[in-house]
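Residue numbers start from 1 in every chain, and the chains themselves are labelled A, B, ... in the order their sequence lines are given, proteins ahead of strands.
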Protein chains: 2
Amino acid sequence: MTEPQPVRMGDLPLGVRPCSLAAALEVLGERWSLLALREIGYGVHRFARIAGYTGASRDMLADRLRKLEAAGIVERRLYSEHPPRHEYHLTEAGRELFPVMLALTEWGDRWAVDSPALIRRHSCGQPVQVDLVCRHCGQPVTRDTIHPELA
Amino acid sequence: MTEPQPVRMGDLPLGVRPCSLAAALEVLGERWSLLALREIGYGVHRFARIAGYTGASRDMLADRLRKLEAAGIVERRLYSEHPPRHEYHLTEAGRELFPVMLALTEWGDRWAVDSPALIRRHSCGQPVQVDLVCRHCGQPVTRDTIHPELA
DNA sequence: GGCAGTGAGTTGGAAAACACAACACACTGG
DNA sequence: CCAGTGTGTTGTGTTTTCCAACTCACTGCC
């Protein structure tokens, strides 16, 4: 039995890391994927409208939606046979992207645009600023308070 | 004076949305960018090692690091003149990507890999599971408790 | 029935991004 | 002098991406 040890990532031997971030980007990292998911999350379920709001071309969007469906992130619901027509909805995996989207959007608000076009107001009435806390102890989670271990 | 009104995003007219998520992806959405930032965040500051851990080819990595520097997300620090050699470090904008990385990694742990290769342990001793709470009221932030408003 | 309009893609060709190997260059150590 | 290292750049194909045009199966209207 080896006690799990904290690891300094930079000390590991070179080589592509087995990494959940890389795995996530494999599915989500292509252009348009996250924008399409943003729209579906906003309640825009039809192909042409998703294309319209994201700016993606039809072929790109069709490709991304196929991949997202194959990855279990969106599901297609048939709303017309002849011709077959689908609505796109988030699965649980898709809904759980909410923290990712929110984090990216908040970062973009702060660092990638002059002034945000949209404000997200929390039900408490204030504009949302998110804090990350540990589910177990309730204390803040920061770069300094988490320590990677090899599984 | 118009009172700001909650918006249903799907009701807005078609057209590419001015959106901080899209703006963030403009900078971060290219392949390798986030993986390079992951490495720099892990304390890997030299070109060849970043390439080795991410799997990016040298030319791609050189391109991404240039763009990330131009976007103010990483800074180069000269550690040798003749020949000029740089270390890559995160700026504040880069460090603030931590919630993004963490959210993506947690999502990947759960939905994109069979079993995570790495565990992140919080200083409380438990594996980290992050909750999102509102900085103002301390209550959870979820899809249902935030409401977009046009600025 | 005829004919325009719509929604959801598919196809084809130009343009851009990417991967890989080779090269350049300024060192360092033997 | 020669091999090796670190950090890129260049050159050459291959793969993606983009955009416009097309198809197909309807729906509405007159």
Checklist entry - Shortest non-hydrogen contact from B:Ala71 to B:Val27? => result CB-CG1, 3.3 Å
Next on the checklist: Measure CG/A:Leu61 against C1'/D:dC19 and give the value in whole Å, please.
Outcome noted: 15 Å
Can you check nucleotides 9-12 of chain C for protein contacts, nitrogen or oxygen pairs under 3.5 Å, and list what you find?
residue, atom, partner, partner atom, Å
C:dG9, OP1, A:Arg76, NH2, 3.3
C:dG9, OP2, A:Tyr88, OH, 2.6
C:dT10, OP2, A:Arg66, NH1, 3.1

Checklist entry - Over how many whole Å does the gap from A:His45 atom NE2 to C:dG7 atom C1' extend? => result 17 Å
Checklist entry - So, is A:Arg49 close to the C:dT6 phosphate, meaning a side-chain N or O under 4.0 Å from OP1 or OP2? => result no
Checklist entry - Taking only residues two or more places apart in sequence or in another chain, which ones pass side chain to side chain donor-acceptor pair (under 3.5 Å) with A:Ser123? => result none
Next on the checklist: In this structure, how many angstroms lie between the C1' atom of C:dA8 and the CZ atom of A:Arg64, rounded?
Outcome noted: 17 Å
Next on the checklist: Show me the pairs that pass side chain to side chain donor-acceptor pair (under 3.5 Å) and involve residues 37-48 of chain B, at least two apart or across chains.
Outcome noted: A:Arg17-B:Glu39, B:Arg46-B:Tyr79, B:Arg46-B:Glu87
Checklist entry - With sequence neighbours left out, which residue pairs that include part of residues 6-15 of chain B fulfil the side chain to side chain donor-acceptor pair (under 3.5 Å) condition? => result B:Arg8-B:Asp11
Checklist entry - Heavy-atom contacts under 4.0 Å between residues 27-44 of chain A and DNA chain C, which residues? => result none
Next on the checklist: Among residues at least two apart in sequence or on other chains, which ones pass side chain to side chain donor-acceptor pair (under 3.5 Å) with A:Thr91?
Outcome noted: none
Checklist entry - Roughly how many Å is it from CD in A:Glu69 to C1' in C:dA8, rounded to a whole number? => result 14 Å
Item to check | Between C1' of D:dT16 and CD of A:Glu26, the distance in whole Å | outcome: 15 Å
Checklist outcome for this item: With sequence neighbours left out, the residues meeting side chain to side chain contact (heavy atoms under 4.5 Å, CB included) with A:Asp131 are B:Val133, B:Arg135
Item to check | Side chain of B:Met60 (C-beta onward), nearest among D:dC19, C:dC18, D:dT7 | outcome: C:dC18
Checklist outcome for this item: Quick note, salt bridge (Lys or Arg N to Asp or Glu O under 4.0 Å) partners involving residues 67-76 of chain A, not counting sequence neighbours, are A:Glu30-A:Lys67, A:Asp63-A:Lys67, A:Glu69-A:Arg76, A:Glu75-A:Arg77
Show me, pair by pair, the donor-acceptor contacts under 3.5 angstrom made by side chains of residues 100-107 of chain B, not counting sequence neighbours?
residue, atom, partner, partner atom, Å
B:Thr105, OG1, B:Met101, O, 2.6
B:Glu106, OE2, B:Val130, N, 3.4
B:Trp107, NE1, A:Ala93, O, 2.8

